[in-house]
Amino acid sequence: MTNATALIAEDEPLLAASLRADVAALWPQLQVVATVGDGAQAVEQALRLRPDICFLDIRMPALSGLQAAQALAEDWPADHPFPLLAFVTAYDQYAVQAFEAQAVDYLVKPVQSARLDASLQRLRERLATRRAGPASAEALDATWTQLRALLAAAEPAARAPRLEVIQAQQGALVHLVPVDEVIYFEAADKLVRVVTATRELLVRMSLRDLAAQLDPQRFWQVHRGTLVQARFIATARREDGGKVRLTLRGRPETLVASRLYAHLFRGM
Amino acid sequence: MNPSRHLIPRGEGRGLLQRLGIVTAVALAIAGIQFAFSPRASAGMHGFSVALVYSLAISIAIWAAIDPVRYLLRGPLRAEAPGYWPPPGRAVVLVAVGTLAGYTLGTLVGDAWAGRSTLELLQRDQRRFYALLASAAAVSIGFVAYFHQRGHREALEQQAREARLALLQSQLEPHMLFNTLANLRVLIATDAPRAQTMLDHLIGFLRATLAASRSAEHPLRAEFERLGDYLALMQVRMGPRLAVRLDLPASLAGHPVPPLLLQPLVENAIRHGLEPQPEGGHLEVSASLEDGQLRLRVRDSGVGLAPARPGAAGFGLTQVRERLQTRYGAAATLTLEPLSQPPGGTLATLTLPREHP
């Protein structure tokens, strides 16, 4: 059996070095293949190096630990076992409650040796089970359900007031688009693309903030970068790797629902 | 939680029982005095029990018709937290109706016990009847005025306590504290002298934070020293990602400011400006005298002001504005602006009236 590999994502340099040293002392065979300081690098390096375990700090620049986990779940190649995730947090009450509720591995900073040892022991066992045979579809579904619950818990509890009209600025002109006419929203760097049957506009806000102001019954999150108005979805077809391809009413292009959100599309 | 779900708002029940206790005690005292000075004191135990029953029944009935009722009918009475007293017009109606209703009910109970009829008294000796009613009204108005005053004072004290607690909680942010301790734990094993320095900064920061909720002002020199402690902790945590410059002219070092007024601005600059930026950046805090006013600036080269984020009205900024308002009124301002010149970022400017220590 080849040595297990791990990635450490922690933005505070001293803490990253110390976690690396502690892990090396307690599990010498575990090979740390990368130590990164922000969430975006964590995703990039993990996709490149395909480690068995990812230690993800919750509060990091660029992407939070949870957002990084979401990106990994959506972009991870289907023919490779999804890494075991262990979250690290200094103090995030809601996150810790969610980790407990979902039985997810997590470490609390300052990381104490006994606690780290127990955590590594559990990871070792889970890795051994996984290596004994390929993960069943049920086990993978359970992973996605777990991750969805964590992401939901991380959302701000109090939802902002509902938005009825989108206002998109273009030079001196502001376009007003009733939310009801929007077929889908798509994240584009720090902007959001607003697509209706007849036009496309850009608004300067994050998809996350926008989602908080929309009715989740009407606008479905189908990917970390896509919100679709449900009544405009015509068909959904399951593809390889758990993704779902969506055709739309009023738009020729198709959208992809990631495996995290594939559960939304099941015959009644 | 919707407050109207409870008949009596949470936390008000204890005060209610306390006031019932005071009313009962005063009613007992009145009965004693009445009996002692009564021309028919010779009536003995029976006479005392009659005075006692009248006094208790009338007092408690009037209390019940006013005090719990203002909670139960707080909707139509417009009695709102804190204090739950209706506005003056409605309060007069409540006290008048409550006194009359309570007096009538209490008198009927007393009559039943004593076996006589006060209604007859009304026909026989009107003056005596109205004198009784007027004294009952005077006592009930006295009680209302006293309880109102007491409730008002308690509400003010409660508000001040909550403000102090909120300030303390915002400054002792657990996330910051535990991350700092985690770094300290690492340094103890790897670099003891540096751990000691870091611990000294942490002690300075904690001492200042705990003291700030109690004192009204300190000199700018102390303000900058405390910011220095905080920033030194953040530099250990963020490593080369955080560069800091503190600029305080010697002539302004003694100028008084509310303690840790700049702290939330510096925290915001790090938390919302520099921390989200993978490469970090620099932070500059400066004081200067311009147009006879004190200008304090916190400038960062971070990600800049987020476009209006719903529901995320900065607690730190609100708190700084409230403290300015309390201390200086309209004479002080806080502005926040994005910096368009590269490398971008945010500038927070505090303008305070010049004071002579």
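These numbers were taken from a predicted model, which means no experiment stands behind them. Numbers restart at 1 for each chain; the letters A, B, ... are given by sequence-line order, proteins then strands.
- Per-residue heavy-atom pair counts under 4.5 Å with chain B were compared for A:S64, A:P61, A:A62, and the maximum is reached by A:P61.
- There is no contact between B:L184 and chain A, counting heavy-atom distances below 4.5 Å.
- Side chains of A:W220 and A:T226 form no contact here, defined as non-hydrogen atoms less than 4.5 Å apart.
- Checking each of B:V257, B:V320, B:T333 against B:L350 for a side-chain contact (heavy atoms from CB on, under 4.5 Å) leaves exactly one that passes, namely B:V320.
- Side chains of A:K109 and A:L15 form a contact here, defined as non-hydrogen atoms less than 4.5 Å apart.
- Atom CZ of A:R199 has more than 12 neighbouring heavy atoms from other residues, nucleotides or ligands inside a 6.0 Å radius.
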Problem set entry | Worked check of ring pair (Phe, Tyr, Trp, His ring centres under 6.0 Å) between A:F87 and A:Y106 | CA-CA 4 Å; A:F87 294 98; A:Y106 71 96; 9.1 Å; no

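- With a threshold of 4.5 angstrom between heavy atoms, B:P276 approaches chain A through N, CA, C or O but not through any side-chain atom.
- The aromatic rings of B:F178 and A:Y91 lie parallel to each other, their planes meeting at an angle below 30°, with 60° marking the opposite boundary.
- For a heavy-atom cut-off of 4.5 Å, chain B lies close to A:S18, A:D38 in residues 18-50 of chain A.
- The stretch residues 181-210 of chain B participates, sequence neighbours left out, in these side-chain hydrogen bond (donor to acceptor under 3.5 Å, both in side chains) pairs: A:E12-B:N183, B:H201-B:D229.
- Heavy atoms of A:V108 lying under 4.5 Å from chain B are absent altogether.
- Among all heavy-atom pairs drawn from B:L227 and B:V266, the shortest one is CD2-CG2, 3.8 Å.
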